[in-house]
Amino acid sequence: MKLFKLSTRKLVVLIACVMCSGLASAQGVDDHSADPAYAKYYHQPVNWGGCPPSLFTDGSTIQCALVAVPVDWADPSQGDITIGISKPLNPPHYTRLLLVNAGGPDNSSASQAEMLEQLQPQVQVGHLVVGVDLRGITDGTGTQVSCDYAPRSGAENFMDGDSRNPTVQSVRAQQDWWNRSISACLQQHATFLKGITTPNHARDLNLVRAVLGFPRADLFGVSSGSSLMAYADRMFPDRFERVVLDSNMNWIHLDWQRQALSRMSMDQLNVQQAFIPFMARHDDQFHMGTTPDQVMTTFQRIYQATSQHRMGSVTPDQALGALDGTGMWVFWDLLVSPSLSAMSQALDGDPAHIANAEQIAAFTSVDLRSQPSFNPMADVLQCNDSGSTDPRSIAQKIADVRTNWAIGASTVVDKCQHWPWQPALDRRLESRTSVQALMVQNEFDPSTPYSGALKDRLENGPAARMVFVNNATTHGVMFDDNICTTNAEFAYLNSGVMPVRDVVCQAKPMHSFAMQDAVTYEYGYPAAGWWLPPPPNVRQVSWLLVP
């Protein structure tokens with residue numbers, strides 16, 4: 001099965017472009033390592049110490065340090081900030097360096113590297129594994145800022161705790177509230193926030209490589225970390241060698257808002273086609289019914305009960321917040337199952353059951369109405385990188401929220417509206433370079449959809465190969481133990497052996513720590529041999545949520 005055909009003329013042009021891309025990639029950009037103005041960064045000592053616990057790990061098997069980086073790589077006179085890095089307490093013998101970014105983008109890569117070492121210990125074969133935090137993240141140890149939310153008018157879309165039931169007026173009010181909040185934040189921390197960009201993060205990675213004493217490094221990026229590592233490979237192809245991109249954003253032309261739109265529809269499809277049937281097969285854990293229709297009916301009752309304030313302080317957004325964890329199986333036992341089970345039980349009106357649901361809901365999802373401040377890092381990164389690109393009208397946004405109710409409300413507000421700075425991504429660099437990488441991708445990934453990854457693979461040409469997991473439903477291949485993917489991944493990472501063509505692996509049945517399925521299923525296009533199939537049809541979504 002062939003997915004596309006090229007004319008002879010187009011094929012010649014494509015080959016020429018690939019050859020030109022290779023020539024452009026061989027040189028890279030100036031990393032300022034020979035510039036005396038940057039000498040203090042390249043010659044700084046690294047002082048290792050203890051690590052704080054984080055969302056993913058307790059920090060007990062790693063050690064951490066702070067690395068000083070210029071707040072503005074284009075002008076070191078603007079001052080310094082720090083980022084956190086980690087390495088194992090007792091690393092085995094190594095000859096190579098592996099820099100890890102965990103994505104998020106607001107996740108601690110320092111702690112995520114520890115989790116990678118625990119789940120896939122073969123990552124340390126021949127490598128010193130170092131997690132590198134992005135600048136400004138909330139879960140790290142480096143320089144951070146906090147900004148106050150603007151006063152709320154009461155008309156904002158989330159003020160009733162139900163972002164999934166917007167009106168034109170409430171969307172406008174929420175947009176205005178955000179604009180006022182971020183405008184004051186940018187004025188207060190302009191120098192620091194302007195420097196939060198993917199190009200600066202890539203320069204930070206290169207600096208960490210240098211201060212650790214390695215002439216070259218390998219890269220491992222997960223989720224949004226795939227876009228960072230791909231961009232770093234474009235900027236410094238002579239410094240970064242073996243690059244693994246796990247759960248790929250559309251890094252061929254990185255656009256954060258467009259990525260959010262594709263995630264919105266794929267996440268909804270995955271909830272309907274994969275996770276609700278999974279819940280039905282594990283009623284002993286979720287207590288919501290033994291068929292998909294029964295599960296959906298129970299969730300509809302939870303949503304209406306919270307909308308009508310019949311479940312104490314639990315809001316509709318908190319009920320739906322549990323579903324935001326369905327994309328990663330590590331959260332199914334820890335977050336999703338306890339939350340939905342408690343809310344299902346609270347439908348009986350028992351005060352004790354409602355109190356339990358309230359306690360778990362507060363842990364599951366933050367109620368924006370009670371938050372006085374925020375860390376702007378993730379939003380600023382996205383706006384600095386690619387700016388405002390969402391073409392939808394308010395009416396279309398409202399329609400999308402009602403169709404894609406799982407996470408659609410997260411796309412209603414344009415966080416980059418009236419952004420004061422031009423996009424930092426170099427589109428010429430993207431167009432004239434290829435990314436030398438091994439891509440690892442689940443077919444039904446709800447957070448970094450396969451549609452974007454396939455575009456990366458096809459447009460990037462022969463510089464990349466994909467290890468595709470047929471029928472896999474989750475986000476983050478690193479979190480699962482599939483011998484087919486790990487064999488290909490570590491043959492490349494540890495021995496430099498790139499597959500001669502794309503690899504199609506088969507997913508294991510859906511599972512978590514406590515729940516195991518016996519069979520897999522198919523709701524996309526079947527994979528044939530080593531050919532990569534088309535992405536699933538996201539227009540299969542049919543279940544609506546009624547407030």
Report summary line: Of all heavy-atom pairs linking Asn270 and Thr473, the shortest is ND2-O, 3.2 Å
Query raised in the report: Can you find a side-chain donor-acceptor pair between Thr448 and Asp445 that sits under 3.5 Å?
Result: yes
Query raised in the report: Among side-chain atoms of Asn179 and Gln417, is any donor-acceptor pair under 3.5 angstrom?
Result: yes
Query - Stepwise side chain to side chain donor-acceptor pair (under 3.5 Å) test for Gln441 and Asn248 - result: CA-CA 7 Å; Gln441 184 72 32; Asn248 292 259; 3.3 Å; yes
**Report entry** Exercise: do Ser542 and Gln272 side chains pair donor with acceptor under 3.5 Å
**Finding:** yes
Query raised in the report: Would Phe286 and Val336 satisfy side-chain contact (heavy atoms from CB on, under 4.5 Å), going step by step from the backbone distance to the final call?
Result: CA-CA 9 Å; Phe286 293 95; Val336 184; 4.1 Å; yes
Query - Side-chain donor or acceptor of Ser223 paired with backbone N/O of Gly104 under 3.5 Å - result: no
Query raised in the report: Is it true that a side-chain atom of Asn494 and a backbone atom of Gln122 form a donor plus acceptor pair closer than 3.5 Å?
Result: yes
Requested in this report: Answer yes if the side chains of Gln257 and Asp414 hold a donor-acceptor pair under 3.5 Å, and no otherwise.
Outcome: yes
Query raised in the report: Stepwise, does the side-chain contact (heavy atoms from CB on, under 4.5 Å) test hold for Met229 with Val435?
Result: CA-CA 9 Å; Met229 297 314 197; Val435 176; over 6 Å; no
Report task. Give, for atom CG of Leu335 and atom CE of Met328, the distance between the pair rounded to the nearest 0.5 Å. Result -> 11.0 Å
Report summary line: The reported gap from CE in Met478 to OG1 in Thr486 (rounded to nearest 0.5 angstrom) is 13.0 Å
Report task. For atom NZ of Lys508, decide whether the heavy atoms of other residues, nucleotides or ligands shown that lie under 6.0 angstrom number more than 12. Result -> yes
Query raised in the report: If only atom types and distance count, is the side chain of Ser163 paired as donor or acceptor with the main-chain N or O of Ala409 below 3.5 Å?
Result: no
Query raised in the report: Hey, is CG on Leu544 packed in by over 12 heavy atoms from elsewhere, all under 6.0 Å?
Result: yes
Report task. Find out whether Met115 and Phe479 are in side-chain contact, i.e. whether some heavy atom of one side chain is under 4.5 Å from a heavy atom of the other. Result -> yes
**Report entry** Arg164 with Asp400: basic N within carboxylate O range, under 4.0 Å
**Finding:** no
Requested in this report: Please step through side-chain contact (heavy atoms from CB on, under 4.5 Å) for the pair Val130 and Arg209, ending with a clear verdict.
Outcome: CA-CA 9 Å; Val130 173; Arg209 170 204 58 77; over 6 Å; no
Query raised in the report: Rounded to the nearest 0.5 Å, what separation is found between the CG atom of Asp426 and the OG atom of Ser431?
Result: 8.0 Å
Query raised in the report: Between Thr364 and Ser339, do the side chains contain an N or O donor and an N or O acceptor separated by less than 3.5 Å?
Result: yes
Requested in this report: In sequence, state the C-alpha distance, the side-chain angles, and the governing distance for Phe275 and Trp332, and then conclude on ring pair (Phe, Tyr, Trp, His ring centres under 6.0 Å).
Outcome: CA-CA 10 Å; Phe275 200 73; Trp332 297 352; 5.1 Å; yes
Query raised in the report: Just by distance, do the side chain of Thr403 and the backbone of Ala399 share a donor-acceptor pair under 3.5 Å?
Result: yes
**Report entry** Thr315 side chain near Gln318 side chain, heavy-atom distance below 4.5 Å
**Finding:** yes
Query raised in the report: Can a salt bridge be assigned to the pair Asp502 and Arg465 using a cut-off of 4.0 Å between side-chain N and carboxylate O?
Result: no
Query raised in the report: So, for Ser226 and Leu245, which heavy atoms are closest and what is the spacing to 0.1 Å?
Result: O-CD2, 3.6 Å
Query raised in the report: To the nearest 0.5 Å, what is the distance between CG (Leu254) and CD (Gln259)?
Result: 8.0 Å
Report task. Flag the pair Arg234 / Phe240 as yes when at least one side-chain heavy-atom distance between them is below 4.5 Å, and no otherwise. Result -> no
Query raised in the report: Any side-chain heavy-atom pair from Arg427 and Ser386 closer than 4.5 angstrom?
Result: yes
Query raised in the report: Would a distance-only check, ignoring hydrogens and angles, find a side-chain to backbone donor-acceptor pair under 3.5 Å from Asn471 to Ala507?
Result: no
Query raised in the report: Can a donor-acceptor pair be found between the side chains of Gln294 and Thr290 at a distance below 3.5 Å?
Result: yes
Query raised in the report: Any side-chain donor paired with an acceptor under 3.5 Å for Asp385 and Thr197?
Result: no
Query raised in the report: Does Trp405 have its ring centroid less than 6.0 Å away from the ring centroid of Tyr303?
Result: no
Query raised in the report: Are Gln506 and Asn470 linked by a side-chain donor-acceptor pair shorter than 3.5 Å?
Result: yes
Query raised in the report: With a 4.5 Å limit on heavy-atom distance, are the side chains of Arg203 and Val29 in contact?
Result: yes
Query - Side chains of Arg263 and Thr411, donor plus acceptor under 3.5 Å - result: no
Query - Tyr450 side-chain N/O to Pro533 backbone N/O, donor-acceptor pair under 3.5 Å - result: yes
Query raised in the report: What about the rings of Phe444 and Tyr523, do their centers lie closer together than 6.0 Å?
Result: yes
Query raised in the report: Under 3.5 Å, is there a donor-acceptor pair linking the side chains of Ser265 and Asn404?
Result: no
Query raised in the report: Is the side chain of Ser247 donor-acceptor paired with the backbone N or O of Gly476 at a distance under 3.5 Å, no angle test?
Result: yes
Query raised in the report: Given the side-chain rings of Trp178 and Phe374, with only the six-membered ring counted for Trp, is the space between their centroids under 6.0 Å?
Result: yes
Query raised in the report: Would you say the side chain of Trp329 lies within less than 4.5 Å of the side chain of Asp480, judging by non-hydrogen atoms?
Result: yes
Report task. Calculate, to the nearest 0.5 Å, the distance between atoms OG1 and CE belonging to Thr306 and Met343 respectively. Result -> 8.0 Å
**Report entry** Ile196 versus Asn384, closest heavy-atom pair with distance
**Finding:** O-ND2, 3.0 Å
Query raised in the report: Does the Asp218 side chain pair with the main chain of Val243, one donor and one acceptor, at a distance under 3.5 Å?
Result: no
Query raised in the report: If every non-hydrogen atom of Leu340 is compared with every non-hydrogen atom of Phe299, which pair is closest and at what distance?
Result: CD2-CE1, 3.8 Å
Query raised in the report: Quick one: OG on Ser495 to CZ on Phe490, what's the gap to the nearest 0.5 Å?
Result: 11.5 Å
**Report entry** Any donor-acceptor N or O pair under 3.5 Å, side chains Asn442, His475
**Finding:** no
Report summary line: Taking every heavy atom of His511 against every heavy atom of Phe278, the minimum-distance pair comes out as N-CE1, 4.4 Å
Query raised in the report: Looking at side-chain heavy atoms only, is the closest gap between Asn250 and Ile252 below 4.5 Å?
Result: yes
Query raised in the report: Run the ring pair (Phe, Tyr, Trp, His ring centres under 6.0 Å) check on Trp177 and Phe158 step by step: do they pass?
Result: CA-CA 11 Å; Trp177 169 75; Phe158 59 86; 4.9 Å; yes
Report task. Check whether any side-chain heavy atom of Cys505 sits under 4.5 Å from a side-chain heavy atom of Val467, and report yes or no. Result -> yes
Query raised in the report: Is atom CZ of Arg172 surrounded by more than 12 heavy atoms (other residues, nucleotides or ligands) closer than 6.0 Å?
Result: no
Requested in this report: Using atom types as modelled and distance alone, determine if a side-chain donor or acceptor of Lys397 lies under 3.5 Å from a backbone N or O of Val412.
Outcome: yes
Requested in this report: Please confirm whether the backbone N or O of Met515 pairs with a side-chain atom of Arg281, one donor and one acceptor, at under 3.5 Å?
Outcome: no
Report task. Grab the two heavy atoms, one from Asp333 and one from Phe513, that are nearest each other, plus how far apart they are. Result -> OD2-N, 2.7 Å
Query - Distance-only donor-acceptor check, side chains Ser170 and Thr167, under 3.5 Å - result: yes
Query - Candidate pair Leu98 and Leu493, rule side-chain contact (heavy atoms from CB on, under 4.5 Å), full reasoning - result: CA-CA 9 Å; Leu98 179 66; Leu493 194 59; 3.9 Å; yes
